Student: 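Please find one structure pasted underneath; my questions will follow.
A quick note: this is a predicted structure, and the numbers were derived from the prediction, not measured. Order of appearance sets the numbers: ligands from 1, and atoms from 1 within every ligand.
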Amino acid sequence: MRIDIITVLPELLVSPFSASIMKRAQDKGLAEIHVHDLRDFGKGRYRHVDDYPYGGTSGMVIMCEPLDKMISKLKDERTYDEIIYLTPDGETLNQTIANDLSLKGNLMMICGHYKGIDQRIRDMYVTREISIGDYVLSGGEFGAIILADSIIRLLPGVIGDETSALSDSFQDDLLAPPIYTRPAEYKGLKVPDVLLSGNFPKIEEWLHEQAIERTKERRPDLLEKRSK
Ligand code: ADE
């Protein structure tokens, strides 16, 4: 998979892609991340990419021209399965969207900044608009990082234990059950006996019950979704 990210703040995207699973995915050749500085297509000496909004509202808007040039250049080089704009008014990211995008080959992500990007770029190029939650961030960069992470960890071979991503919370609309590691007793708190029993069918059954219990308590809306 290849992900191209367009941003006015490329420095924000350096460390998240240089460590842990997202780094490993790139080192193994399973994911390629390319970060593009929109200011490369900015106007004038100060490489301007933004201007005042029409209509007299507050804030600044990323202009059409630099985005148009950057997107066209990338599109001339390859075909994109999705051109995603990170925005609080997009569809809210969930596991189904991450699963779906993990099956694609080339993704482009556009990070807005200030008040966002000119609507005409959304109309011309964007195929999908994604929000990472009902709150407003100062730009789309953290959204792109979160979206990329949620996708990349699903690519075959990225996570050592293949089944590990499949047993994540939300994969079957259930939250993950509690987990424990050694020691079996810590400050008087014991690991549930069943997990030490070696009886794997029983352990599976217990884990499933715990997942249902936890989901019932914390996210009953997910259980309603399952029964539909
Ligand atoms: N940009 C600003 N806020 C955002 C959000 N909640 N999700 C995605 N991109 C954003």
Student: Would you list the atom pairs, donor with acceptor, under 3.5 Å between side chains in residues 197-206 and any protein atom, with sequence neighbours excluded?
Tutor:
residue, atom, partner, partner atom, Å
Ser197, OG, Val194, O, 2.6
Ser197, OG, Asn199, N, 3.1
Asn199, OD1, Lys202, N, 3.3

Student: Less than 3.5 Å between some nitrogen or oxygen of Gly133 and one of ligand 1, yes or no?
Tutor: yes
Student: Would you say Ile132 and ligand 1 have an N/O pair spaced under 3.5 Å apart?
Tutor: yes
Student: Using a 4.0 Å cutoff against the non-hydrogen atoms of Ile130, which atoms of ligand 1 qualify?
Tutor: 8 (C)
Student: Going by the rule salt bridge (charged side-chain N to carboxylate O under 4.0 Å, His left out), which residues pair with Arg2 if we only count those two or more places apart in sequence or in a different chain?
Tutor: Asp4, Glu32
Student: Does the N or O separation between Val136 and ligand 1 drop below 3.5 Å for any pair?
Tutor: no
Student: Decide whether an N or O pair under 3.5 Å exists between Tyr135 and ligand 1.
Tutor: yes
Student: If you have a sec, work out which protein heavy atom is nearest atom 10 (C) of ligand 1 and how many Å separate them, to one decimal?
Tutor: Pro88 CD, 3.7 Å
Student: Can you pull out the closest protein heavy atom to atom 3 (N) of ligand 1? Residue, atom name and distance to 0.1 Å, please.
Tutor: Leu137 N, 3.0 Å
Student: Identify whether Ile97 and Tyr80 are in the same connected component of the hydrophobic contact network (ILVMFWY, side-chain heavy atoms under 4.5 Å).
Tutor: yes
Student: Which bit of Thr87 is near ligand 1, meaning a heavy atom under 4.0 Å away: side chain, backbone, both or neither?
Tutor: backbone
Student: I'd like to know if Lys73 and Asp40 make a salt bridge, using a cut-off of under 4.0 Å between side-chain N and carboxylate O.
Tutor: no
Student: Quick one: nearest non-hydrogen protein atom to atom 1 (N) of ligand 1, plus distance?
Tutor: Gly139 O, 3.5 Å
Student: Any idea which heavy atoms bring Val49 and Gly42 closest together, and the distance?
Tutor: CG1-CA, 3.9 Å
Student: Can you list the steps and then say if Asp51 with Lys43 is a salt bridge (charged side-chain N to carboxylate O under 4.0 Å, His left out)?
Tutor: CA-CA 11 Å; Asp51 205 340; Lys43 256 188 169 165; over 6 Å; no
Student: Do Val61 and Phe41 belong together in a cluster built from hydrophobic side chains that touch within less than 4.5 Å?
Tutor: no
